[in-house]
Amino acid sequence: MNLKSLTQTELAEVFKNMGQPAFRAGQVYGWLQKGIYGYDEMTNVPKSLRTVLEERYPLCPPKVVRRQESKKDGTIKYLWQLHDGNCVETVLMRYHYGNTVCISTEVGCRMGCAFCASTLGGLVRKLEPFEMLDQVAFTQRDSGLPISHIVLMGIGEPLDNFDNVMRFLELVNSEQGLNISMRHISLSTCGLVPKIDQLAAKKLQLTLSVSLHAPNDEIRRTIMPVSRAYPIEELLDACRRYYAATSRRISFEYAMIQGVNDRPQDARELIRRLKGLPAHFNLIPLNHVEESPLKPSTRADVAAFQKLLEDGGIPATVRRTLGGDIDASCGQLRRKYTKQKAEQ
Ligand code: SAH
């Protein structure tokens, strides 16, 4: 067990059982949530207690194995090594509304999307709550930049690691912790319908991002295996239920792939299908992945697609690509690193 995965109430219980005063748990919780490399950083905690904690509950902070900073836009990408040797990525993006971290939720992924580098080696394991928390805390600490927003859009499928992700959200949202507002958090999913309903039932004020990437099952099945389990109509119904439960507009991600999903008729089909569902589209020109034959749409096609959606009543933005010079999209850095290691 890692103490950093415990809520403040649970930590208080542990401290009570150790015969420690209640205020101590509050102090320690704050330190743990902030990201520390060793218990000796807890300067207001007695040394004797720090020694006991050190022995019983190793902190296991992540180690930076690669850090790349974009010269163009200040985006910083971290490749962390976890305590068991596995690696995950975190990206820090500097938007006008605040510094945003994109965190990983699993080591690898088992969803198999055809365009995504994260899934190439399959799923290795799910991340523990503290391993997600540490990505935020240590990115903030290393960069010295205050983090105000989080997107769960790195390596992995967050809803495939549901319980750990829910616990992470509780931690990162806690007042004595990093205190990041739910409204500043986006969770992205490839479309696991029963889990979307489970999330809706929690009525959190976070933004649900759905990786749609196609207007129909015929196209979606060629790039996203998950659509065989959950057809697009079922997925959109789940989005409607999510909206009914939370009043939060759904954000759809749409990676634009040349000749696959970027034709005018695709935009028109989306408009028909999404009727009545408050939504916003994020159009992302595909990031080319070495191992894949898929290519990004042209700028002109992306612009035309955006205009069609907007004219059809669907707000759509073309996502500015940040960190293009540092392999900042999903899973690319980890992929490169593990390949290099294998070749050595
Ligand atoms: N598993 C979750 C979150 C991680 S991926 C999901 O599927 O939503 C974050 C987003 O990046 C998803 O929309 C995903 O489809 C997209 N993505 C993955 N590889 C990409 C690539 N090469 N180019 C553009 N977008 C990509």
Side-chain angles (χ1 to χ4, degrees), residues 77 88-91 93 100-124 126-127 132 135 150-162 164-165 168 185-193 195-196 199 206-214 219-220 222-227 229-230 232 235 238-239 242 250-258 260-262 279-297 302 305 316-324 326-336:
K77 178 140 188 171
V88 290
E89 297 169 35
T90 307
V91 185
M93 293 161 292
T100 305
V101 281
C102 173
I103 66 154
S104 298
T105 54
E106 297 178 319
V107 180
C109 183
R110 61 187 182 119
M111 295 299 141
C113 299
F115 44 80
C116 182
S118 301
T119 200
L120 288 168
L123 175 69
V124 179
K126 299 172 186 208
L127 292 185
M132 293 180 250
Q135 291 177 62
I150 301 175
V151 297
L152 282 74
M153 292 188 186
I155 299 171
E157 167 52 47
L159 296 187
D160 192 34
N161 187 12
F162 194 86
N164 287 348
V165 165
F168 157 70
I185 301 178
S186 293
L187 183 152
S188 179
T189 178
C190 63
L192 303 178
V193 168
K195 301 287 178 182
I196 292 176
L199 183 66
L206 53 74
T207 299
L208 179 66
S209 287
V210 174
S211 301
L212 198 58
H213 304 325
I219 299 176
R220 207 160 183 263
T222 66
I223 48 177
M224 300 181 74
V226 67
S227 59
Y230 306 110
I232 196 161
L235 174 57
C239 292
Y242 188 89
I250 309 290
S251 163
F252 287 101
E253 288 157 277
Y254 199 93
M256 304 231 16
I257 312 172
Q258 197 171 79
V260 174
N261 61 6
D262 65 348
H280 174 269
F281 264 70
N282 263 313
L283 303 175
I284 317 153
L286 183 81
N287 254 297
H288 181 66
V289 170
E290 238 173 65
E291 289 87 341
S292 155
L294 302 170
K295 301 223 154 41
S297 305
V302 175
F305 202 89
T317 30
V318 178
R319 193 180 287 167
R320 201 159 53 100
T321 45
L322 293 176
I326 54 166
D327 295 320
S329 71
C330 241
Q332 291 186 1
L333 188 58
R334 169 172 173 265
R335 180 93 193 136
K336 225 179 229 181

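First listed ligand is number 1; within each ligand, the first listed atom is number 1.
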Mind listing the closest non-hydrogen atom pair of Ala114 and Thr222 along with its distance? CB-O, 4.3 Å
Any [X] heavy atom less than 4.0 Å to ligand 1:
{"X": "Met224", "value": "no"}
{"X": "Gly156", "value": "yes"}
{"X": "Gly154", "value": "yes"}

Polar side-chain atom of [X] near backbone of [Y] as donor-acceptor pair, under 3.5 Å:
{"X": "Asn161", "Y": "Lys126", "value": "no"}
{"X": "Gln135", "Y": "Ser104", "value": "yes"}
{"X": "Thr119", "Y": "Gly112", "value": "yes"}
{"X": "Thr207", "Y": "Ser186", "value": "no"}

In ligand 1, which numbered atoms sit nearer than 4.0 Å to a non-hydrogen atom of [X]?
{"X": "Asn287", "result": "21 (C), 22 (N), 23 (N), 24 (C)"}
{"X": "Glu253", "result": "10 (C), 12 (C), 13 (O)"}
{"X": "Glu157", "result": "1 (N), 2 (C), 6 (C), 7 (O)"}
{"X": "Cys190", "result": "6 (C), 7 (O), 8 (O)"}
{"X": "Val289", "result": "22 (N)"}

Parallel, tilted or perpendicular for Tyr254 and Phe281, by the 30°/60° rule? tilted
Among Cys116, Ser188, Ala114, whose heavy atom sits nearest atom 2 (C) of ligand 1? Ser188
Side chain, backbone, both or neither: which part of [X] has a heavy atom under 4.0 Å from ligand 1?
{"X": "His213", "value": "side chain"}
{"X": "Val210", "value": "neither"}
{"X": "Leu286", "value": "both"}

Take atom CD in Glu291; do more than 12 heavy atoms of anything else shown fall under 6.0 Å from it? yes
Trace of the side-chain contact (heavy atoms from CB on, under 4.5 Å) decision for Leu235 with Ile196: CA-CA 9 Å; Leu235 174 57; Ile196 292 176; 3.7 Å; yes
Ile284 N/O under 3.5 Å from ligand 1 N/O: no
Is there a donor in the side chain of Glu157 and an acceptor in the side chain of Thr189, or the other way round, less than 3.5 Å apart? yes
